[in-house]
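The figures that follow rest on heavy atoms only: side chains count, while hydrogens, waters and symmetry mates do not. Note that the coordinates shown come from a computational prediction; the quantities given were computed from them, not determined experimentally.
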Amino acid sequence: MHPATWQISTAQVEAQIINAMDGDGGCRKKVLQLAKFFKGMSKGRWHPLATYHLKTILLHMNRDRKRSEDWAQDMLVPRFRELIDRLLKHLRNRSLPSFFIPNNNLFEGKSDLSSALAGVSDFLKTLKANPKAFL
């Protein structure tokens, strides 16, 4: 981003979207809560990922999956897996477009994405092999 570009705060709009997104009884907020929980349990192995990156992916998913059925409570596991798969894809590509300013790469300037990629990949392997390891 060019230094002269004004920074636009989208926090209020983002909060409104997040707060209203499960008006259909969906599991979107639970997907985000799970991702944040596992990020917290990673003990820094997902660094430099921030909760904002997870929220951004969820916002993209919510835009791409408009049907309420895609977000039904019994779709929690598939949607969580989709969020993690998308996260891995973005880490591999070293690119995560901002939801509000798509030309803005939220991973720009992050030099240690490979360690985050390894941390998230290890998490996924552990989750598949021994889900109880996180209890």
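- Aromatic rings of W46 and F123 (six-membered ring for Trp) have centroids within the 6.0 Å cut-off, being under it.
- The pair E108-R94 fails the salt-bridge criterion, with no side-chain N (NZ, NE, NH1 or NH2) lying under 4.0 Å from an Asp/Glu carboxylate O.
- Following chains of ILVMFWY side-chain contacts shorter than 4.5 Å, one cannot reach I84 starting from M75, and the two form parts of different hydrophobic clusters.
- By the criterion of side-chain heavy atoms lying less than 4.5 angstrom apart, applied directly or through intervening Ile, Leu, Val, Met, Phe, Trp or Tyr residues, M21 is grouped together with V13 in one hydrophobic cluster.
- Inspection of the S98 and N104 side chains reveals no N or O donor paired with an N or O acceptor under 3.5 Å.
- Taking a cutoff of 4.0 Å between a charged side-chain nitrogen and a carboxylate oxygen, D22 and R28 qualify as a salt bridge.
- Hydrophobic clustering (ILVMFWY, side-chain heavy atoms < 4.5 Å, transitive): L34 and Y52 are in one cluster.
- The distance from atom CG of L117 to atom NE2 of H90, rounded to the nearest 0.5 Å, is 13.0 Å.
- Using a 4.0 Å cut-off between charged side-chain N and carboxylate O, D85 and R81 make a salt bridge.
- Heavy-atom contacts from other residues, nucleotides or ligands closer than 6.0 Å to NZ of K29 number more than 12.
- Looking at F38 and V120, their side chains never come closer than 4.5 Å, going by heavy atoms from C-beta outward.
- The existence of a salt bridge linking R86 and D64 is confirmed by a sub-4.0 Å separation between a basic side-chain nitrogen and an acidic carboxylate oxygen.
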